[in-house]
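The sequence lines fix the lettering, A, B, ..., with proteins before strands; numbering per chain opens at 1. Heavy-atom basis, side chains included; hydrogens, waters and symmetry copies ignored. Every value quoted in this text rests on a predicted model; they were computed, and no experiment measured them.
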2 protein chains.
Amino acid sequence: MSPYHHGNLRAELLERAWEVVDRDGLDGLSLRGLSRDIGVSHGASARHFRDRQSLLDALARMGFERLNRALSETAGTASFAERLRAAGHAYVAFAVAHPRILDLMYDAKHHPSASAELVELSHTAMRDLVAMITAAQEAGEARPGDPRQLALIVFANVHGVATLATGDLLDGVPWPEAAALTIDFAWQGIAAVSARATGG
Amino acid sequence: MSPYHHGNLRAELLERAWEVVDRDGLDGLSLRGLSRDIGVSHGASARHFRDRQSLLDALARMGFERLNRALSETAGTASFAERLRAAGHAYVAFAVAHPRILDLMYDAKHHPSASAELVELSHTAMRDLVAMITAAQEAGEARPGDPRQLALIVFANVHGVATLATGDLLDGVPWPEAAALTIDFAWQGIAAVSARATGG
DNA sequence: ACCTGAACACCGTTCAAGT
DNA sequence: ACCTGAACACCGTTCAAGT
């Protein structure tokens, strides 16, 4: 009712934009429509976001923050194979739950004006994976070799199956199954021979 | 010089749109700008494309046609391992050469108004891969099991490494190396045990 | 059949002015 | 510091009219 907004317009814009993109995709998002929904004038967003791309950048950062949090929550004390399975599952689950947001995340990251924070957040998962594989190697559970190469293979598998899942290319296979299949396949390839023998 | 266009405006719109998207991304593409570049009035495109999304759909179809052709050109008489390597290389090469087009291809395919032809073209590569793996199984070169599951794994690997390559997540590793690494890894996993022993 | 050009409803962005 | 509202240059889409 107060003629002026109460100071958290930035957060409200982001939250509303997340919902719109999640539901209708990027096509459904306009700054003017967003302002209309929230009940501010159409120029109000300019105080908080230089331009449309700047809002998308912030939205992408939100996405990576939530994805990274979901991934880090799987880092328990379980075996490497189980942690990998949990992390992979979490990644694909995020992709399936928020396919348009994930698209936006990688689109924004590719954009020439991408913020340093966004680029940084987009590399976190890969870095954590390299660290995890290094630890697995030191524990004798993963085969030796450049951990970045092994991480690359695992990441390619997980991201690839996520894309297949959201792209409707799984051909009827439920995504948790496809994800487990792909991740176990990747793990079998990078596990040490001794560990491989004990695997199911 | 003639006041009217000479009948291949549709093809010209598509060709020009491909160039613009390839260079500047989707943000740089507008129907009015396209018409301006070609030298027709801004409403002319409506005769050939219902709306903007319809042009993007046709553009995506072009992309899958070219990608599928590049993939089918690798289907020589070589061994399955070599054909897989060549096809994977071709896929990643296309992704690296035309990252924005590839994005557009999958975006358009996700769109509610996606044409049946586009959906069909986007499934071709996967179907060919399943057929190839089935043949490899019959030749005793691939391990038994649901060929769709094995194809899924290979496709996830290839598409995943393509995404990593265009997403600048390869961490300095040249993409042909990363692609070869990932594909060989996938092949080792699906190859028959006897074939695996002979592999490098 | 194919293209033109005006018309309409929408954008993103900027900026003086208000509180 | 934060928001308003007019202004501007751009869109996509439609449609009568021209050839």
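Counting only residues at least two apart or on different chains, the side chain to side chain donor-acceptor pair (under 3.5 Å) pairs with a member in residues 93-104 of chain A are A:Asp22-A:His98.
Following rounding to the nearest Å, B:Asn8 (CG) and C:dC2 (P) show an atom-to-atom distance of 11 Å. Look at CG on B:Leu31: it is 9 Å from C1' on D:dC11, rounded to the nearest Å. One can place CZ of B:Arg47 at 15 Å from P of C:dG5, the figure rounded to the nearest angstrom. What separates CG of A:Leu26 from C1' of C:dC11 is a distance of 15 Å, to the nearest Å.
Crowding of B:Glu65 atom CD: a count of heavy atoms from other residues, nucleotides or ligands under 6.0 Å exceeding 12.
A distance of 6.5 Å separates CG of B:Leu56 from CG of B:Leu29, quoted to the nearest 0.5 Å. The structure places CG of A:Asp27 at 4.5 Å from NE2 of B:His111, a figure rounded to the nearest 0.5 Å. For the atom pair OG1 (B:Thr182) and CG (B:Leu164), the distance works out to 8.0 Å, reported to the nearest 0.5 Å.
Note on ring orientation: taking the six-membered ring where Trp is involved, the planes of B:Tyr91 and B:His159 are perpendicular (angle over 60°, cut-offs 30° and 60°).
Using a cutoff of 4.0 Å between basic side-chain nitrogens and carboxylate oxygens, A:Glu120 and A:Arg127 are scored as salt-bridged. With respect to the salt-bridge test (charged N to carboxylate O, under 4.0 angstrom), the residues A:Arg16 and A:Glu19 qualify.
Paired regions of DNA chain C, where each region holds three or more successive Watson-Crick or G-U pairs whose two hydrogen-bonding distances fall under 3.5 Å, are C:4-8 with D:12-16, C:12-16 with D:4-8.
When all heavy atoms are compared, the tightest approach of B:Phe80 to B:Ala135 is CZ-C, 3.7 Å.
Residues of residues 50-57 of chain B having a heavy atom closer than 4.0 Å to DNA chain D, listed by number: B:Asp51, B:Arg52. Applying a 4.0 Å cut-off to non-hydrogen atoms, none of the residues of residues 11-24 of chain A approaches DNA chain D. Using a 4.0 Å cut-off on heavy atoms, the residues of residues 32-45 of chain A that approach DNA chain D are A:Arg32, A:Val40, A:Ser41, A:His42, A:Gly43, A:Ala44, listed by number.
With hydrogens and angles ignored, the 3.5 Å screen pairs no side-chain donor or acceptor of A:Glu117 with any backbone N or O of A:Arg61.
The shortest distance between the side-chain N/O atoms of B:His48 and the OP1/OP2 oxygens of C:dC3 is below 4.0 Å.
Considering A:Val40, A:Ile38, A:Leu59 in turn, A:Ile38 is the only one that fulfils the side chain to side chain contact (heavy atoms under 4.5 Å, CB included) rule with A:Leu13.
Grouping the Ile, Leu, Val, Met, Phe, Trp and Tyr side chains by contacts below 4.5 angstrom, directly or via other members, places B:Phe185 apart from A:Val130.
Under the ring-ring contact (aromatic ring centres under 6.0 Å, His included) criterion, A:Phe64 pairs with A:Tyr106, sequence neighbours left out.
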